[in-house]
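Data block below; observations after.
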Amino acid sequence: MSIGTEKVLYVIGNGFDLNLGLKTSYNDFFEYIDINNMKNIINVVREDRKNIEKYDKKRLEYFSEKLKKYDYELKENNFLLKLEESINEKNQKQIKENIYCVHKEIISTLKSRTTNRFVDEYGVFIIFLLLIKVEKNEWQWVEEQILCYIQDLIEIFNNRFNELTLFIKDNWNDLELELEKIIKLVRLSFRKSKFEKVKKRYLKNFNENEKIKRDNMESVLKIILKKTEEYFNNKISIKEYQNYVENLIFEIEYLNFLLEILFTDYNKDIDFKKDELKIINKNDKKCIYLKEQLNIFENYFGEYVLKINNDVKNILTLKDISGKINKNKSFENKFLRLEIQNKETEVTVDKALKKKMASKIIKSINNFFKNGKEKKYIINFNYTNYLNEFINDKNNLNIEEMININGDINDFTGNPKIYFASIENEIKKIMEVSQLNYKSKSLRYTLTLLNSVVPNLKNIEIKSTKGKNIIDELNNLENNIKKEINKIGKIESNLIFGIDDVQIKDEFIKEILKGFIKKNRRKELEEKWKKLIETNNFSKIYFYGHSFADADYTFFEDLFDLINLENNKAIKLIFLYSSGFSCERSVNSLIKKYALKKHKEITKLKNKLEIKEIN
């Protein structure tokens, strides 16, 4: 094969974007939607629940001051007034009940300071984000935790959810003590014990008059069964287990608060269809699908990545992206004059990096893809797609094609259902400022503006409303928008988070969760990248910026199968890493897992590998 026709493949992960200084880690996204500040508020609330019998006016003032540190101010409302009244009367029962209501109000009205969205707009997956204990700053790690959270939700909704939420409301201060007892029993048990023994030892302490408590605690034990077995099998530490069990009551409680908002029904009655992963309010038959809730989360992340992607594309358009960029200082000066007026966009580009970013992006991409005249193909695990700007011989990098395996940000449009709250706000603003004699022409203009936020509203008609006031017109508009949105159907997402089927051991659960499994969600993209491998004879495959975690294992397994890794004498796998971020351990773990699963000779496979540090 002549060097001019040699073909190489690059498989790049989020480390590629991070190396350029782009804020694409999950922690950056969390900061953007203000998760970390919301977590701080939750921690203040959780601390306030301790030693409830000592609650007084001074403590309430201390609680209020601590919340102010995180930009949350306790507003004077009915709940707060009742709490102050019960404190003055020293009525412990009422104090406890009113504290619960105040805490509920705080959790239900959590709001992002950067996006100005309330917690409920992010759907049920926001609870997972608020309670998750961060261990790795990698999207693959977050995706692995998504599986745990979905399995938790299945167990929580399957085990007396309605009864449990009421039980927690009435007994939350005692429940913490009960959870401590369970943790202690588990800790004192032999690691290879069966949880059934622990369960029996715990439940035998309840007498005949404590049936309600016993039944509810038995539900709690069923929910924590899987995690307890993980501890007994040495898969998690006692600290991880303790954190999980202590979080459980809050997880159930916050889900309950959120569902009251999502169903707009304080007296909701929850049913759960496990095989469809569907939450139903039996009062009005309205449904919430867990898959749609994940799509909502993905769409908000899509908004964030789109801002970053557009920033980079704006940088690239400031100057022709040729190899001469390294010598052209005017490019950097032009970038310094770039004004990002949109405040939400500004947070995606760190001000401290502005001076360096313009030239750094070009230089880094040039250096990374500088290998001779080889034809280059990219499988991109990032959600950004600015590398498309380098395809078709631009910058002489010979990049022929890029497949965005987790969805294409260019296809991201959001979803009308997600923006319905913003439509309602717009309608309220119009009603506040409009005069009663406004004509329907003004309303048509409003509809045009709304259509730029919410697509597919072309079918809505505004009839002549001569003689009617603006409130009638707006009510008509709102009803028509609701009808049009309802026609659209389920929420979808063009970006893909999910899980890998190798993570799921239970075949029944695997069938239930098939809609969350990545290869099922990206079928067209799966066919596309596999065809790329089958139709091109690659001499080298470079890997960079990927964690090689279980959440993407099936991709690597399929890739190794397609190239016939064990017997392909011509192929070389080159795993690249930046200084200080060695990937040797994770690569060895990946190859070992593949060898064991496929019954391959691991030494023979390792001979195909090269692990290399790059600048």
Side-chain angles (χ1 to χ4, degrees), residues 14 17-18 20-38 110-130 139 142-143 146 258 262 291-315 340-350 380-388 404-426 449-457 481 485 488 490-498 521-522:
N14 191 42
D17 280 357
L18 293 175
L20 294 180
L22 304 184
K23 293 194 166 187
T24 55
S25 75
Y26 79 83
N27 199 47
D28 294 324
F29 175 58
F30 286 6
E31 284 289 348
Y32 173 69
I33 61 173
D34 212 22
I35 283 290
N36 294 328
N37 189 65
M38 288 191 231
L110 284 177
K111 191 176 186 179
S112 166
R113 296 171 299 176
T114 48
T115 67
N116 216 32
R117 289 192 173 107
F118 285 101
V119 66
D120 59 281
E121 292 182 66
Y122 293 99
V124 299
F125 277 84
I126 197 75
I127 306 300
F128 150 69
L129 298 179
L130 291 170
W139 276 110
V142 173
E143 287 180 311
I146 284 173
L258 198 61
L262 295 178
K291 176 72 181 303
E292 284 189 354
Q293 295 297 304
L294 180 61
N295 290 157
I296 288 172
F297 174 62
E298 289 168 332
N299 280 330
Y300 281 128
F301 179 66
E303 285 185 330
Y304 175 70
V305 176
L306 190 60
K307 295 177 194 304
I308 294 175
N309 201 62
N310 288 342
D311 286 340
V312 177
K313 288 173 81 171
N314 286 337
I315 291 168
I340 302 173
Q341 295 179 4
N342 185 321
K343 205 167 187 180
E344 286 191 343
T345 303
E346 191 171 4
V347 301
T348 67
V349 182
D350 192 323
N380 181 23
F381 275 82
N382 290 296
Y383 297 94
T384 54
N385 69 353
Y386 57 85
L387 284 174
N388 281 331
N404 300 292
I405 196 167
N406 283 326
D408 193 335
I409 197 69
N410 280 350
D411 295 333
F412 172 76
T413 56
N415 190 280
K417 281 189 178 180
I418 294 172
Y419 296 108
F420 188 67
S422 63
I423 297 170
E424 289 184 314
N425 289 335
E426 287 299 314
L449 293 178
L450 287 173
N451 195 47
S452 66
V453 180
V454 184
N456 301 322
L457 297 181
I481 288 173
I485 287 174
I488 294 166
K490 293 181 181 179
I491 297 170
E492 298 292 345
S493 170
N494 292 310
L495 302 181
I496 296 168
F497 291 161
R521 295 191 60 197
R522 58 187 187 202

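As a basis for the values below, the full set of heavy atoms in this structure was taken, side chains included, without hydrogen atoms, waters or symmetry mates.
We find the CG-CD1 distance between Asn36 and Ile33 to be 9.0 Å, quoted to the nearest 0.5 Å. Atom CZ in Phe30 sits 9.0 Å away from atom CG in Leu130 (nearest 0.5 Å). Separating the OG1 atom in Thr384 from the CG atom in Asn404 is a distance of 8.0 Å, to the nearest 0.5 Å. The structure places CG of Leu262 at 7.5 Å from CD1 of Ile296, a figure rounded to the nearest 0.5 Å. Rounded to the nearest 0.5 angstrom, Leu18 CG and Asp28 CG are separated by 7.0 Å.
The salt bridge (Lys or Arg N to Asp or Glu O under 4.0 Å) check on Asp34 picks up Arg113, with sequence neighbours excluded. Applying the side-chain hydrogen bond (donor to acceptor under 3.5 Å, both in side chains) criterion to Tyr122, with sequence neighbours excluded, gives Thr115. Every residue two or more places apart in sequence or in another chain that forms a side-chain hydrogen bond (donor to acceptor under 3.5 Å, both in side chains) with Arg521 is listed here: Glu298.
For the pair Phe381 and Asn406, the tightest heavy-atom approach, listed with the atom from each and the gap, is O-ND2, 3.4 Å. Among all heavy-atom pairs drawn from Ile405 and Ile496, the shortest one is O-CD1, 4.4 Å.
Between Phe497 and Phe297, the ring planes lie tilted relative to each other; the angle falls in the 30° to 60° range. Between Phe301 and Phe29, the two ring planes are perpendicular [angle over 60°; tilted spans 30° to 60°].
Residues Tyr300 and Tyr32 place their aromatic rings such that the two centres sit no closer than 6.0 Å.
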